[in-house]
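Naming convention: chains lettered A, B, ... in sequence-line order (proteins, then strands); numbering from 1 in each chain.
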There are 2 protein chains.
Amino acid sequence: MYEKILQKVGLKITNPRLEILKLLHQQGSHHWSAEIAHQYLVDLGVDVGIATVYRVFTQFEMLGLVKRHSFEGDRSVFELNDLEHHDHLVCVECGLVEEFVDPLIEERQLAMAQKFQFAMTDHRLVIYGVCAPCRKS
Amino acid sequence: MYEKILQKVGLKITNPRLEILKLLHQQGSHHWSAEIAHQYLVDLGVDVGIATVYRVFTQFEMLGLVKRHSFEGDRSVFELNDLEHHDHLVCVECGLVEEFVDPLIEERQLAMAQKFQFAMTDHRLVIYGVCAPCRKS
DNA sequence: CTTAATGCAAACCGTTTGCATAGAT
DNA sequence: ATCTATGCAAACGGTTTGCATTAAG
């Protein structure tokens, strides 16, 4: 399955790339910094260097497999590019990331780009706040 | 005038702080990276180090005088915090930054935060694209 | 006179790169 | 057999910090 993905985009099938693909497809945490991903793999017993993690993420990004996000003041995080664009809610306390889509916002963004005569290539909306669990504690 | 601002927030009146306030209040370019701001001041003949530029921007940020933005893949930029929140259009070719506000987007963002039970503390919307002048050349 | 602010250079940290080796086709 | 991918360590670039000096109140 992951082999297919690599073949399709023309990358050689190597263990680091397979492991990173697997990690990205996990449910639960969809957003991985290079460091967290590296630690996760090392804990799994995968012999991989942080440099390779960066290289693979960067390749995947260039091939459109993942998206890179630089949330304010934080290291970069990578997530699977699911093609359907979505925006993010980030908890400033615990780092929890939620995703959402709002058609109205999407529409208005396009309108704004047109108003300023920008040919829109991408857009990023991040709402920062404190999630419910963090507010309770 | 700038002295007043510093006094009001409880900072000593020093030349670097005055010069940086002046620079931030200029019309035209509203978004300054530390490096650009430093170069600008040095060219003006102001004797200031890059470390001080960072320190002043950071202080101003903590006091609510400026906002820091980390546009994707770029160094941080600082702008006057005009209290009326606004969003950004960034040209991926030349770096031009335009500002806009869309009440509908603001409203929907609040709705999204509520939907996920986040106590919103901030939000950043950046539209990346190619500006009209860049498209022509 | 006292304490904060500054410039300089060194440290820092996330990320990238050079290079020799291991591995995929 | 060829050429790419990898691990390691060193380099990099933006940002921060330690420290001795200067300046504000």
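- Rounded to whole angstrom, the span from the CZ atom of A:Phe60 across to the P atom of D:dA5 amounts to 11 Å.
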Would you check, one step at a time, whether the test side-chain contact (heavy atoms from CB on, under 4.5 Å) holds for B:Lys4 with B:Ile13? CA-CA 9 Å; B:Lys4 290 256 178 59; B:Ile13 296 166; over 6 Å; no

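- Here D:dT6 presents its C1' atom at 9 Å from CG of A:Asp47, a figure rounded to the nearest Å.
- Taking 4.0 angstrom as the limit, A:Thr52 places a side-chain polar atom (N or O) nearer than this to OP1 or OP2 of D:dG7.
- Using cut-offs of 30° and 60° on the angle between ring planes, the pair B:Tyr128 and B:Phe71 is perpendicular.
- When each of B:Lys12 and A:Lys12 is assigned the nucleotide of DNA chain D bearing its nearest heavy atom, the one mapping closer to the 5' terminus is A:Lys12.
- Between A:Phe118 and B:Gly129, the closest heavy-atom pair is CD2-C, 4.0 Å.
- Comparing B:Ala51 and B:Leu11 by the nucleotide of DNA chain C whose heavy atom lies nearest to each, the residue mapping closer to the 5' end is B:Leu11.
- Taking atom CG of residue B:Leu18 and atom P of nucleotide D:dA24, one finds them 10 Å apart after rounding to whole Å.
- Taking the side chain of B:Glu35 as heavy atoms from C-beta on, and the options D:dT6, D:dT15, D:dG14, the nearest nucleotide is D:dG14.
- OP1 and OP2 of D:dT4 both lie 4.0 Å or more from every side-chain N or O belonging to A:Thr14.
- Rounding to whole angstrom units, CG of residue A:Leu6 and P of D:dT4 are separated by 17 Å.
- Ring centroid separation for the pair B:Phe57 and B:Trp32 does not come in under the 6.0 Å cut-off.
- Over its full length, the helix from C:dC1-D:dG25 to C:dT25-D:dA1 turns its helical axis through 30°, comparing axes from the five pairs at each end and rounding to 10°.
- At the heavy-atom level, A:Arg55 lies under 4.0 Å from base atoms of the strands shown.
- Per the geometry, CD1 belonging to A:Ile50 stands 16 Å off C1' belonging to D:dA11, to the nearest Å.
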Verdict with supporting geometry, A:Asp87 and A:Arg124, salt bridge (Lys or Arg N to Asp or Glu O under 4.0 Å): CA-CA 7 Å; A:Asp87 295 312; A:Arg124 299 293 166 92; over 6 Å; no

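- Note on A:Ser33: nothing from the nucleic acid sits closer than 4.0 angstrom, heavy atoms only.
- Nucleotide D:dG14 holds its C1' atom 8 Å from the CZ atom of B:Arg75, rounded to whole Å.
- Between A:His31 and A:His88, the ring planes are perpendicular. Angles over 60° get that label, and only those under 30° would be called parallel.
- If you measure from atom OH of B:Tyr54 to atom P of D:dT15, you get 3 Å, rounded to the nearest angstrom.
- In this structure, a donor-acceptor pair under 3.5 Å is present between the side chains of B:Gln59 and B:Arg17.
- Atom CD of A:Glu19 and atom C1' of D:dT6 are 15 Å apart (whole Å).
- Linking ILVMFWY side-chain heavy atoms closer than 4.5 Å, directly or via other members, places A:Val92 and B:Leu125 in two distinct hydrophobic clusters.
- Nucleotides of DNA chain C with any atom under 4.0 Å from a heavy atom of chain B span, from 5' to 3', C:dT3 to C:dA9.
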Check step by step if side-chain contact (heavy atoms from CB on, under 4.5 Å) holds for B:Gln7 and B:Leu11. CA-CA 6 Å; B:Gln7 282 171 339; B:Leu11 287 177; over 6 Å; no

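- Toward the 5' end of DNA chain D, the nearer of the two residues B:Asn15 and A:Val48, judged by each one's closest nucleotide, is A:Val48.
- In the hydrophobic clustering of ILVMFWY residues, with side-chain heavy atoms under 4.5 Å counting as a link, B:Phe100 and B:Leu80 come out apart.
- Looking at the side chain of B:Ile13, the nearest of the listed nucleotides D:dA5, D:dG25, D:dT6 is D:dG25.
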